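Since the structure comes first, as structure tokens, the remarks are kept for the end.
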Amino acid sequence: MYDLVIEDGTLISGKGRRVADICVEDGRVVYIGTRPAGPARRKISAIGRFVVPGFVDTHVHFRDPGHPAKEDWQSGSRAAVSGGVTTVCDMPNTRPPTLTRADFAEKRALAEARSLADFGIWVGAAADNVGEAQALADGPAPLACGIKVFMGASTGPLLVDDATLVRFFEHTRALMGVHAEDERVLERYRESWAGRTPPTHHDSRPAEAARAAVMRLVELTRAHPRPVHVCHVSTAAELEVLEPVRGRLPITTEVSPHHLWLSTDNVLGNFGKVNPPIRPEVDRRAMWAALKRGLVDTVGSDHAPHTREEKEQDYASAPSGMPGVETIFPLLVAAVKQGRVPMERVVQLCAENPARIFGFARKGRVEVGFDADLVVFAEKELVRFTAAQVLSRVGWSPFVGQRVAPKPDQVYAGGTLVAEGGAIVDETRRGRLVTPARGEG
Ligand code: DOR
Ligand code: ZN
Ligand code: ZN
């Protein structure tokens, strides 16, 4: 007897679509096809609806367990699954900062106790932890999903200088995820604005900083080839550097929804303060063009929630970052409805590609043997996103007012129905650590 059968849904992958039944047992997909399914504990009809793999968001900051007002694994993962994201990868500049095996074990235990979503954990790069990073991310059975490098200072203490970056290129092999803004350029602009508030955050962290950092990454990857994932590419200048080496060097790219939907034309004050900054309209359009042409690989939310109180401070004191894990699906499905991008491409960007790049062998596809992370939705009229729909504990979103698709009708994580129509319907599921498979996955 199956645990779950989803009948007659239109299954969408990067390759196309087909109508089939999906049968689930013990959290995995065990059959897909048109043969009449046997008995099941739960059977739903998805006639006229779509089924896509649960989204894999490899870029979240699930913040601060223990703080009463800030995101933690419970609130962050509730927000995630409500919007069809069933796997998240947490960045190392949260609590506890993840630099050692002990930090990793602590964060893993926090997530295992509270997360509804499956999760990967990044290890951060620092001047003195090459050995710890190797132990966590390299070798045949790595625990960490990758090594995160901050080339420019952002929220939190993690920042590496060029000598440290070179050491990581020389001594580690794992996927390196990079916040690519050049600290020397940032410093120059910081000094030039000292004591004054720039017209926009972008004026104090211009494209030049991002461009210099990706140029250095290209140089280092050429000298020491290893997979590099450039996080939140946000400018035409970066794309110009990356396009000629695309496919020649093992460099992949992520774009974040706030760089696709927001520009300096949107007046959001500190609520729009994020690193890398929201860019001018011309860059936003360049990101769309790149996404459509297949020049970016993944969409990651960079979900970096800070409270209203923190954001309402003066410009210099307000932390950078904005929530986004729950709005990827509503925004991108709206883009599909508006004819900007096909759903097949969305499935590639949000599920297939992140799973492949990170080596998550049972994620990102609806196929036999894969985890039953399934998102079921119907085509619906677009609505305006409202603060009332926000599940993130911070209770605000820079996308309030945007035209979005409703959150999915049903979200299954490992075969368990966890969310329906944007509401959490199971608080008991506990996610598991997802690790990269090396070699044959
Ligand atoms: O705006 C940002 N916020 N950029 C980052 O790189 C970090 C993030 C955070 O952790 O809040
Ligand atoms: Zn970043
Ligand atoms: Zn980030």
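Here the structure is a predicted model, which means the values were calculated and not measured. Numbering of ligands and ligand atoms starts at 1, following listing order.
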Determine whether the side chains of [X] and [Y] contain a donor N or O and an acceptor N or O closer than 3.5 Å.
| X | Y | value |
| --- | --- | --- |
| D302 | S256 | no |
| E71 | S392 | yes |
| N270 | H201 | no |
| R279 | T235 | no |
| K107 | T94 | yes |

Nearest protein heavy-atom contact for atom 3 (N) of ligand 1: which residue, which atom, what distance?
->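 Ranking protein heavy atoms by distance from atom 3 (N) of ligand 1, first comes S320 O, 3.0 Å.
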Nearest protein heavy-atom contact for atom 5 (C) of ligand 1: which residue, which atom, what distance?
->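 For atom 5 (C) of ligand 1, the nearest protein heavy atom comes out as S154 OG, 2.8 Å.
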Between E208 and R188, is there a side-chain N and carboxylate O pair less than 4.0 Å apart?
->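 Between R188 and E208 there is a salt bridge, with a charged N closer than 4.0 Å to a carboxylate O.
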Any non-hydrogen atom of H306 lying under 4.0 Å from ligand 1?
->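 Distance cut 4.0 Å: H306 passes for ligand 1.
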Please state whether R63 comes within less than 4.0 angstrom of ligand 1, counting heavy atoms only.
->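 Yes.
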Is it true that the NZ or CZ of R226 lies under 6.0 Å from the centre of F169's six-membered ring and within 45 degrees of the ring axis?
->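 Positive - R226 is close enough to the ring of F169 and near enough to its axis.
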Close-contact set for ligand 1 against [X] heavy atoms, below 4.0 Å:
| X | answer |
| --- | --- |
| F150 | 6 (O) |
| H179 | 6 (O) |
| A304 | 3 (N), 8 (C), 9 (C), 11 (O) |
| N93 | 7 (C), 9 (C), 10 (O) |

By atom name, which N, O or S atom belonging to H179 lies closest to the Zn ion (ligand 2)?
->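 Distance check against the Zn ion (ligand 2) picks out ND1 in H179.
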Using the side chain to side chain contact (heavy atoms under 4.5 Å, CB included) rule, take R216 and T221 through it: C-alpha gap first, then chi angles, then the decisive distance, then the call.
-> CA-CA 9 Å; R216 182 68 178 136; T221 309; over 6 Å; no
Out of the N/O/S atoms in D302, what is the name of the one closest to the Zn ion (ligand 3)?
->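 Looking at D302, the N, O or S atom with the least distance to the Zn ion (ligand 3) is OD1.
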Which is the closest N/O/S atom of H59 when seen from the Zn ion (ligand 3)?
->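 Restricting H59 to its N, O and S atoms, the minimum distance to the Zn ion (ligand 3) goes to NE2.
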Does an N or O anywhere in N275 fall below 3.5 Å from an N or O of ligand 1?
->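 It does: an N or O of N275 is found under 3.5 Å from an N or O of ligand 1.
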Assess H232: does it contribute an N, O or S atom lying under 2.8 Å from the Zn ion (ligand 2)?
->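 Yes.
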Evaluation steps, side chain to side chain contact (heavy atoms under 4.5 Å, CB included), between K380 and K337 | CA-CA 9 Å; K380 293 191 179 135; K337 173 111 178 150; over 6 Å; no
